[in-house]
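Heads up: the structure comes next, in structure tokens.
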Amino acid sequence: MRLFLISLLLAFVFCLPQLAEQMDFPLPARGLLAIPATGLSYMLVFFHEIGHTVCAWLFGMPAFPQFDFTHGGGLSRYYDRSYILLAVIWLLMAALAVRLYRAWHYRWLIVLGIGFALHLLLTFTRLHSVFISFMGHGTEVLVGAFCMLRAFWNTTEKSHGAAERWLNMVFGIFALLSNMILTAGLVLSDISRAAYAMQKGGHLLGDLDSIARAVHVPVQAVAGFLFLVALGVLAAAVYLGRLYTPHPAEDI
């Protein structure tokens, strides 16, 4: 547990520049802390845009991620839906279903069937755009949990393995805390909502604003939902990580 607690403290320290900007308070050594914080943030941007891009391709929409050096952060370029690409995705699902059936993996076959039904529902409604928008932050959260679990379960005693554990744990917690700080600000602060709404040199162009407009709810509701998701995933990662750690007594 020592690995988690120390990493939690380090991740929180690296989140302080974001928290100081959100809450508008002076932060000593802000310039120094901004160096690791910026590096970790751009790693998050990478996974954020990958999440948008992969989900867009799944719905037959070619997309390509890139960093936004004009306004900061990143963006993904989307193109019109290709029904040929969509047909290829469905054929791959059908091939996987046949393989699962032949291998008698009926539970996974049921899961695939549910996934296919949800895919159809999202594809032919505007909900696919909501899903694509959400999965930027959603991917950050999932990658954060993956890194935490990798740190918990990698109990190798080699020096490079130890360093990898620390890096995975710190980045995983940072990803989840960063999303929680962002969403808490959107729920609680008018100033944070105004600043978020003006990103990318426009108005209401952020993912959470786009989702709020699409489903006709306040951005606070979307942000609150993402906060609860991040908090729940953090708690689940800690629980599962400790529960299934191969050698719980071996902690760095």
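Predicted model, so just to flag it, every value in this text is computed and none were measured. Values below: every heavy atom of this structure, side chains too, minus hydrogens, waters and symmetry copies.
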Checklist entry - What heavy-atom pair brings T183 and A223 nearest, and what distance separates the two atoms? => result CB-O, 3.3 Å
Checklist outcome for this item: Applying ring-ring contact (aromatic ring centres under 6.0 Å, His included) to H137 and not counting sequence neighbours gives H48
Checklist entry - Is the F116 ring parallel, tilted or perpendicular to the W90 ring (thresholds 30°, 60°)? => result perpendicular
Checklist entry - Would you find more than 12 non-hydrogen atoms of other residues, nucleotides or ligands less than 6.0 Å from Q220 atom CD? => result yes
Next on the checklist: Just checking F146: does its CZ atom have more than 12 heavy atoms from other residues, nucleotides or ligands closer to it than 6.0 angstrom?
Outcome noted: no
Item to check | Nearest non-hydrogen partners of A230 and M180, listed with the distance | outcome: CB-CG, 3.7 Å
Item to check | Exercise: identify the closest heavy-atom pair between H52 and S133 | outcome: CE1-O, 3.1 Å
Checklist entry - Which residue pairs pass the salt bridge (Lys or Arg N to Asp or Glu O under 4.0 Å) test when at least one of the two sits in residues 177-198, sequence neighbours left out? => result D190-R193
Next on the checklist: Could you work out, with side-chain contact (heavy atoms from CB on, under 4.5 Å) as the rule, every residue matching I114, not counting sequence neighbours?
Outcome noted: I110, L118
Checklist outcome for this item: Contacts of F225 meeting ring-ring contact (aromatic ring centres under 6.0 Å, His included) (sequence neighbours excluded), chain-then-number -> F134
Checklist entry - Is a donor on one side and an acceptor on the other found under 3.5 Å between the side chain of W57 and the backbone of A63? => result yes
Next on the checklist: Whether the S178 and Q18 side chains hold a donor-acceptor pair (N or O, under 3.5 Å, no angle test) is what I'd like checked.
Outcome noted: yes
Let me have the donor-acceptor pairs involving side chains of residues 233-240, under 3.5 Å, with sequence neighbours excluded, atom names and distances please.
none

Item to check | Fellow cluster residues of V88, listed by chain then number, with links counted only when side-chain atoms sit under 4.5 Å apart | outcome: L92
Item to check | Geometric class of the F131/F59 ring pair [parallel <30°, tilted 30-60°, perpendicular >60°] | outcome: perpendicular
